[in-house]
Amino acid sequence: VDLSIAPVNDVEGKIKGVIILFHDITNLKKLEKIRADFVANVSHELKTPLTSIKGFSETLLEGAMYSEEHLKKFLEIIRLESDRLHRLIQDLLHLSHIEQRKFQLKWEDVDIHNVIQNVLLLVDKKADEKHILIEADYDLSQAYIIKADSDRFQQMILNLVSNAIQYTPEQGKITISIQPWKNGKGYKVSVEDTGIGIKTSELPRIFERFYRIDKARSRSSGGTGLGLAIVKHLIEAHHGEIKVSSKEGQGSKFNLFLHIDPQTD
Ligand code: ADP
């Protein structure tokens, strides 16, 4: 609570009372803390790859570059860490744009099936490497048209499918399904995996910026901890919703609820 006290004088200037104002600044403090945490997180996330790039380049300059084996190995690390830095900055800019509502959705007719096909092309190599089967569980001959921003919608599906691949061990399975929702006025698009799953107690937090259940695992696989925060903001901009159900050790299912016409619904 923020307290301010002021005297109340009578016409002769004598104090006849005081006014005490109590300001409830809980929300302000909360916002301040969120902002401070965010800055600390960003700094830390940027520092980690930079420290590694600096350290390995110094080691190379100090002589390690004369060993071809070291040269190749260290340059590879530097490249991977620069990629991560690049991804992190891109995700941060993306998120800050979304949060400041500095972007306008480009509403157009989008066929959900086409978007899923595009995403599958992008993740094909990664899924193959892990021998993960991705199955489309819906009528492929049908069109599933909604009004949406096609690029942003693709980003949402891409983030969910990339996570499903990321957090599913080799030989696992991912199922993408489309079902009618809201008496035919919307669709539920689900991405389900047979992966490591998420503890019930962690579920409410995974959409927070930088929240990762296993930091080391996410980092070593190139995660930025921003993917789900971006999805949540984008689905909300589409007036939709995201829900997740999961069982630790068995798998997760992320459901996107989308209106066919978000501007009127
Ligand atoms: P990251 O870049 O770490 O993947 P995200 O914001 O995409 O960041 O996800 C936040 C965290 O939620 C992840 O670090 C992971 O712990 C958890 N998570 C996300 N998707 C899945 C999934 N399909 N299975 C298990 N855990 C997941």
Side-chain angles (χ1 to χ4, degrees), residues 34 37-38 40-42 44-49 80-99 116 119-120 122-123 126-127 129-137 152-177 188-237 241-256:
I34 290 174
D37 284 352
F38 181 63
N41 273 327
V42 171
H44 179 74
E45 294 298 328
L46 292 174
K47 225 173 121 185
T48 320
L80 282 176
E81 292 294 310
S82 325
D83 279 351
R84 194 146 74 85
L85 209 51
H86 185 227
R87 232 182 357 258
L88 190 64
I89 291 169
Q90 256 181 337
D91 276 0
L92 273 173
L93 285 176
H94 194 170
L95 196 62
S96 103
H97 254 100
I98 303 171
E99 289 190 342
I116 294 174
V119 168
L120 292 186
L122 293 172
V123 300
K126 191 92 195 279
E129 279 168 10
K130 287 183 81 174
H131 306 288
I132 289 177
L133 177 73
I134 306 186
E135 204 173 72
D137 183 19
R152 265 110 186 190
F153 181 48
Q154 180 163 322
Q155 177 84 57
M156 292 188 240
I157 304 286
L158 177 65
N159 288 7
L160 294 182
V161 178
S162 302
N163 277 350
I165 297 175
Q166 192 56 53
Y167 300 103
T168 298
E170 296 210 350
Q171 318 283 347
K173 188 174 156 195
I174 294 168
T175 310
I176 306 177
S177 59
K188 171 174 124 179
V189 182
S190 311
V191 178
E192 186 170 9
D193 64 55
T194 57
I196 60 172
I198 304 163
K199 264 197 211 136
T200 314
S201 58
E202 304 274 9
L203 282 177
R205 301 210 58 191
I206 56 172
F207 295 99
E208 290 174 20
R209 297 175 296 196
F210 293 119
Y211 191 78
R212 289 175 290 198
I213 297 163
D214 181 345
K215 276 204 165 50
R217 182 188 184 122
S218 159
R219 273 217 195 93
S220 67
S221 55
T224 60
L226 296 173
L228 286 180
I230 291 177
V231 178
K232 190 161 169 41
H233 276 93
L234 287 179
I235 188 76
E236 281 169 4
E241 251 188 281
I242 182 162
K243 288 193 178 147
V244 54
S245 56
S246 185
K247 267 222 167 89
E248 206 185 3
Q250 290 186 26
S252 311
K253 185 170 181 181
F254 286 83
N255 301 307
L256 288 175

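We count ligands from 1, going down the list as the structure has it; atoms in each ligand are counted the same way. Keep in mind that the numbers below use all heavy atoms, side chains included, and drop hydrogens, waters and symmetry copies.
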Close side-chain approach of Ile176 and Val119, heavy atoms under 4.5 Å: no
Enumerated ligand 1 atoms positioned under 4.0 Å from heavy atoms of Gly223: 2 (O)
Ligand-side contact atoms (ligand 1) for residue partner Gly227, heavy atom cut-off under 4.0 Å: 5 (P), 6 (O), 7 (O)
Heavy atoms of other groups near Lys130 NZ, more than 12 under 6.0 Å: yes
Side chain, backbone, both or neither: Leu228 near ligand 1, heavy atoms under 4.0 Å: both
Gly195 to ligand 1, any heavy atom closer than 4.0 Å: no
Nearest-contact summary for atom 4 (O) of ligand 1 - protein heavy atom, Å: Tyr167 OH, 2.8 Å
Per-atom contacts, ligand 1 versus Gly197 - under 4.0 Å to a heavy atom: 25 (C)
Phe207 vs Val244 side-chain heavy atoms within contact, under 4.5 Å: yes
Side chains of Lys199 and Ile213 in contact at under 4.5 Å (non-hydrogen atoms): no
Nearest-neighbour protein heavy atom for atom 16 (O) of ligand 1, which is reported as residue plus atom name and distance: Ile213 N, 3.2 Å
Element-labelled atoms of ligand 1 that are located less than 4.0 Å from some non-hydrogen atom of Thr224: 2 (O)
Shortest non-hydrogen contact between Gly172 and Thr194, atoms and distance: CA-OG1, 3.5 Å
Contact atoms of ligand 1, heavy-atom distance to Ile206 under 4.0 Å: 10 (C), 12 (O)
Distance from atom 26 (N) of ligand 1 to nearest protein heavy atom, with residue and atom: Ile198 CG1, 3.4 Å
Protein contact to atom 3 (O) of ligand 1 [nearest heavy atom, distance to 0.1 Å]: Ser218 OG, 2.6 Å
Beyond-backbone contact of Met156 with Ile242, side-chain heavy atoms, under 4.5 angstrom: no
Minimum heavy-atom distance Ile134-Ala127, with the two atoms named: CD1-CB, 3.9 Å
Contacts of type salt bridge (charged side-chain N to carboxylate O under 4.0 Å, His left out), residue Glu99, not counting sequence neighbours: Arg209
Heavy atom of the protein closest to atom 7 (O) of ligand 1 (residue, atom name, distance): Asn163 ND2, 2.8 Å
Arg84 bridged to Glu81 by N-O distance under 4.0 Å: yes
4.5 Å side-chain heavy-atom contact, Leu85 and Leu46: yes
Beyond-backbone contact of Phe254 with Val231, side-chain heavy atoms, under 4.5 angstrom: no
Protein contact to atom 10 (C) of ligand 1 [nearest heavy atom, distance to 0.1 Å]: Tyr211 O, 3.3 Å
Identity and distance of the protein heavy atom lying nearest atom 23 (N) of ligand 1: Asp193 OD2, 2.9 Å
Region of Asn159 that comes within reach of ligand 1 [heavy atoms, distance under 4.0 Å]: neither
Proximity flag Phe210 to ligand 1, non-hydrogen atoms under 4.0 Å: no
Protein residue, atom and distance nearest to atom 8 (O) of ligand 1, heavy-atom basis: Gly225 CA, 3.1 Å
Contacting atoms of ligand 1, where contact means under 4.0 angstrom from a heavy atom of Leu226: 6 (O), 8 (O)
